[in-house]
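The shown structure was predicted, so the numbers you read here are calculated from the model rather than taken from an experiment.
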Amino acid sequence: MKSPSKQIKNSHGPVAKKAFVRSMIQASLGSVVVFSVADQNPIYCVLAILGILAAWAFSVRPQQPAPRIAINSFLLLVIAIAGIELLRVGVGVSSFAEFAALLLIVKMLDLRDPRDEGQILVLSVAILIAAVLTSNTLMTGFLTVIVIILIMRAVVLFQIHSVLALAKNDEEIINKKARVDFRSMLIATGFICAVIGSVVFVILPRNIGMQPFGQWGDSGGSVSGFSDSVELGRPGLISQSSTPVLDLLATDTDGQNIGSSNSPAIYLRGAVLNNYTDGNWESSLSMRNPLSNRIRLVPANTSLVSRNDVADREWDRQLDISVRSTGSGQRLLFSPWKTVEFRTGSEPMRIGLSFERGLFLRDGIGGRIDYVARSKNVEFNDIDFSSFSSRNEVLDTIVEPEVAQLARDIVSQGGVNPDPLIRPIANDQAAIRLIENHLRTQYSYTLDSQPVPNGEDATKWFLFERKTGHCEYYASALTLMSRSIGIPARLITGYVASDFNEVTGQYVVRESNAHAWIEAEIAPGEWRTFDGTPPQDFHQLHQPDPTFWRSVTKMYESLEFLWVRSVVAYDSDSQRSIMGTPSSDFGMSKLGESLLNRFAAGRSRLIQRGFITAIIVFASSMFVGILILRYKDIWDNALTWIGSYFASIRRRVLPERRISGDPRVELLDQQIRNGLVRLGIPKPDWKPLKMHIDDHVSELELAAGNPSMLYIEASEMLYRLKFSQDHNQIDAQILTSLGTRLRSSEKS
């Protein structure tokens with residue numbers, strides 16, 4: 001006779017329980033990997049995978065749950081960690097995913113019945129949802145589809161495994177025919193879900209609920225690479241991440257695309273820094289406060305224009321900008337100098353702006369942002385210098401004497417008078433060009449930022465000792481040297497758009513495209529852009545050479561652009577282009593918008609309170625659950641009494657129901673019930689018969705004559721009569737014998 005292991009091996013099919021457990025582990029690992037890719041968090045991936053594999057090796061595979069006291073201790077530790085993270089960083093998708101991963105690992109150590117295994121699948125789905133809320137990239141979407149398939153497979157296997165476990169037959173072999181049926185069911189289910197999902201996708205645009213739920217309903221995280229302050233002398237390497245930050249479409253007044261690989265770089269201003277102290281550049285209060293004080297809610301698709309003369313509102317270039325992800329709170333938006341019109345996207349926007357300073361500040365929940373900036377190219381405008389009698393005053397700045405002397409020497413050697421009291425205003429631009437050219441040709445570029453020696457001014461150290469640095473050093477030196485010869489100048493940080501994708505017709509701006517340059521006032525009110533960074537290094541950094549790998553990368557980015565435009569950015573405008581203008585909805589849209597706006601007022605505070613409440617409810621539920629498990633017998637007796645009480649009331653009020661059309665079923669069921677009542681373990685109506693007998697086997701074994709096997713046999717016969725297709729072939733003598741034995745057990 002073959003051993004069980006050999007029988008399983010030769011059966012050409014997996015055991016149901018083992019197949020489900022493998023599928024459960026695959027779904028858990030897949031969801032963790034997807035979130036790690038979405039959150040760009042390899043540490044989370046490594047630690048979560050190690051935890052899952054450790055739980056698999058020490059508990060799941062040997063089927064040895066950890067002791068209760070250890071599980072409860074782990075749960076309390078997880079709750080403590082979640083509380084600390086909540087106080088440290090607040091509510092966020094990342095903290096939620098970390099909490100879910102910890103719960104998943106702890107739960108794997110405590111697999112005792114199918115209910116626990118089902119909770120593992122629920123936690124895997126929660127982590128996958130967190131991944132979708134974290135990132136909207138093509139890679140995240142592709143991996144999400146794969147993991148959804150794994151989860152669907154695990155759910156179907158869970159249903160098979162849970163039923164077999166209830167029947168004490170979870171070692172059943174899944175044969176070839178069952179596997180074919182299983183695959184067919186998965187394919188059919190997947191197809192139906194895809195159809196339903198597509199219909200829901202078209203009907204419900206992405207921007208529904210974005211105001212109140214934007215923090216949890218769009219990609220999280222803030223824009224990296226850009227900084228609204230400059231701290232020279234910070235040691236380390238400047239990041240060269242190729243992660244896309246925003247997409248930009250440049251068109252002219254006729255709507256024609258004017259972008260190309262050979263076009264000059266487009267400077268996108270973010271922050272204007274005009275205060276310099278000990279190597280640090282910051283915005284002055286006069287530059288920051290007006291934006292914060294002017295913040296107001298602007299409706300969707302609304303144009304805001306400068307209050308200046310109509311002539312100053314003329315524009316010659318339109319930039320459609322889509323910031324892929326930004327953080328919550330007040331965030332500076334990127335726009336060219338000189339922007340004369342700003343238009344919001346398909347979502348309302350809380351914004352403060354100053355056309356005079358060229359600054360735009362958005363306040364709200366993080367996520368994707370779309371807007372349009374129309375600008376006037378003033379770089380080559382003719383200026384009537386005869387109309388200006390004096391310059392504007394230079395902002396009071398401490399410039400090292402050596403730095404000021406170097407500026408005067410450079411300008412003098414170029415044939416321009418460095419003294420602002422003598423030099424004509426028309427020569428200011430030439431003076432700055434001389435300093436700009438000196439920096440470009442006499443200094444080298446590096447991404448390696450070395451610490452500045454103690455007591456040294458960072459800009460002076462760069463000019464006279466280090467003589468190599470990154471764009472922030474060049475911009476700082478050019479700003480200070482311009483001010484030292486009486487020309488107002490300010491340091492600008494933002495991005496440069498130069499990486500043009502021929503397929504999509506748009507510029508892709510990356511984290512590595514963060515840059516610093518200056519704007520100088522070459523005549524009162526006439527600000528122009530200058531950049532001291534060496535052109536060859538600028539080109540290498542911001543306009544990568546066309547290599548094979550670069551071509552592959554652009555192809556992938558074209559696919560990702562299609563994904564973002566067609567799927568991620570699907571909104572009400574896209575819906576109308578597909579379905580047309582919807583008919584009247586009897587005011588439901590306005591009502592829904594009103595409710596969402598009211599809910600949006602709470603924003604993160606409301607979500608934080610909900611998260612805290614969820615933790616309290618979870619801890620309380622866990623405590624109550626422990627009490628129930630500890631006093632299970634009392635709980636079962638109470639439920640039995642309550643069920644019996646309501647059953648007696650129902651029998652007095654309502655006529656007795658027939659269990660089945662077969663009279664033998666009713667007779668056998670009544671005999672089993674009567675026997676259980678006389679034995680002191682009546683079956684409640686809410687509980688299945690077989691489960692009730694299995695739970696009270698010990699009481700049956702202690703009864704006179706040990707009728708446990710009799711009642712198990714009778715219950716199986718009853719189930720066969722009710723559900724089996726061959727119930728008509730059951731011998732009447734067997735049923736008569738069972739009835740006689742049951743009546744005998746009642747008398748004893």
Side-chain angles (χ1 to χ4, degrees), residues 226-230 264-276 281-284 286-288 290-291 306 308 312 315 317 319 332-340 353-361 373 375-381 383 385 388 391-397 399 407 420 425-437 439-440 459 471-498 513-533 535 538 542:
F226 162 77
S227 176
D228 58 0
S229 64
V230 169
I266 300 175
Y267 286 81
L268 298 174
R269 310 164 80 250
V272 176
L273 313 179
N274 47 9
N275 280 357
Y276 179 77
W281 285 93
E282 294 180 345
S283 298
S284 63
S286 61
M287 192 69 69
R288 292 194 301 264
L291 293 179
S306 172
N308 295 336
D312 291 335
W315 57 275
R317 180 178 59 179
L319 303 182
L332 290 165
L333 299 179
F334 306 101
S335 62
W337 176 263
K338 179 178 183 182
T339 296
V340 297
L353 52 83
S354 172
F355 285 105
E356 296 78 12
R357 297 174 175 83
L359 291 175
F360 303 89
L361 182 71
S375 62
K376 184 177 183 179
N377 189 355
V378 297
E379 293 296 327
F380 304 104
N381 282 7
I383 301 175
F385 291 99
F388 302 111
R391 302 177 180 85
N392 290 328
E393 293 185 3
V394 176
L395 188 66
D396 188 19
T397 308
V399 181
I425 297 178
N427 289 346
D428 283 359
Q429 183 170 0
I432 299 177
R433 290 297 183 194
L434 289 171
I435 301 174
E436 180 186 56
N437 183 66
L439 291 173
R440 289 180 171 183
T459 307
C471 59
E472 292 177 349
Y473 282 99
Y474 286 93
S476 177
L478 186 54
T479 304
L480 293 180
M481 294 169 77
S482 298
R483 289 182 178 182
S484 69
I485 58 173
I487 302 175
R490 57 200 184 196
L491 191 147
I492 310 296
T493 60
Y495 288 99
V496 289
S498 58
N513 294 133
H515 193 54
W517 63 95
I518 84 159
E519 290 173 353
E521 192 177 31
I522 61 174
E526 299 291 340
W527 292 85
R528 298 293 184 268
T529 298
F530 300 90
D531 194 345
T533 304
F538 179 91
H542 302 294

Under 3.5 Å, side chain of [X] to main-chain N/O of [Y], donor-acceptor pair present?
| X | Y | result |
| --- | --- | --- |
| T533 | D531 | no |
| T479 | A475 | yes |
| E472 | S476 | no |
| T493 | A516 | no |
| E519 | I492 | no |
| R483 | R490 | no |
| N513 | S498 | no |
| R269 | G358 | yes |

(message) Please check if the number of heavy atoms outside E379 that lie under 6.0 Å from its CD is greater than 12.
(response) yes
(request) Give a yes or no on whether D396 atom CG has more than 12 heavy-atom contacts from other residues, nucleotides or ligands under 6.0 Å away. (result) no
With rounding to the nearest 0.5 Å, note down the distance linking [atom1] in [X] to [atom2] in [Y].
| X | Y | atom1 | atom2 | value |
| --- | --- | --- | --- | --- |
| L361 | L333 | CG | CG | 7.5 Å |
| C471 | I518 | SG | CD1 | 13.0 Å |
| S283 | L332 | OG | CG | 7.5 Å |
| S306 | W315 | OG | CH2 | 15.5 Å |

(request) Check step by step if side-chain contact (heavy atoms from CB on, under 4.5 Å) holds for E521 and I425. (result) CA-CA 10 Å; E521 192 177 31; I425 297 178; over 6 Å; no
(message) Suppose we screen for side-chain contact (heavy atoms from CB on, under 4.5 Å). Which residues come up paired with L319, at least two apart in sequence or across chains?
(response) L248, A250, I266, L268, R317, I321, P336
Report yes if the side chains of [X] and [Y] come closer than 4.5 Å at any heavy-atom pair, otherwise no.
| X | Y | value |
| --- | --- | --- |
| I383 | Q429 | no |
| I485 | D428 | no |
| Y267 | H515 | yes |
| L478 | R440 | no |

Taking all non-hydrogen atoms of both residues, which atom of [X] and which atom of [Y] are closest, and how far apart?
| X | Y | value |
| --- | --- | --- |
| A520 | F530 | CB-CE1, 3.7 Å |
| I435 | S482 | CD1-N, 4.4 Å |
| F360 | T339 | CZ-CG2, 3.7 Å |
| R391 | G486 | CD-O, 3.6 Å |
| I487 | A431 | CD1-CB, 4.3 Å |
| W517 | Y495 | CH2-O, 3.9 Å |

(request) Identify which one of Y276, Y473, W281, Y474 satisfies the side-chain hydrogen bond (donor to acceptor under 3.5 Å, both in side chains) criterion when paired with T459. (result) Y276
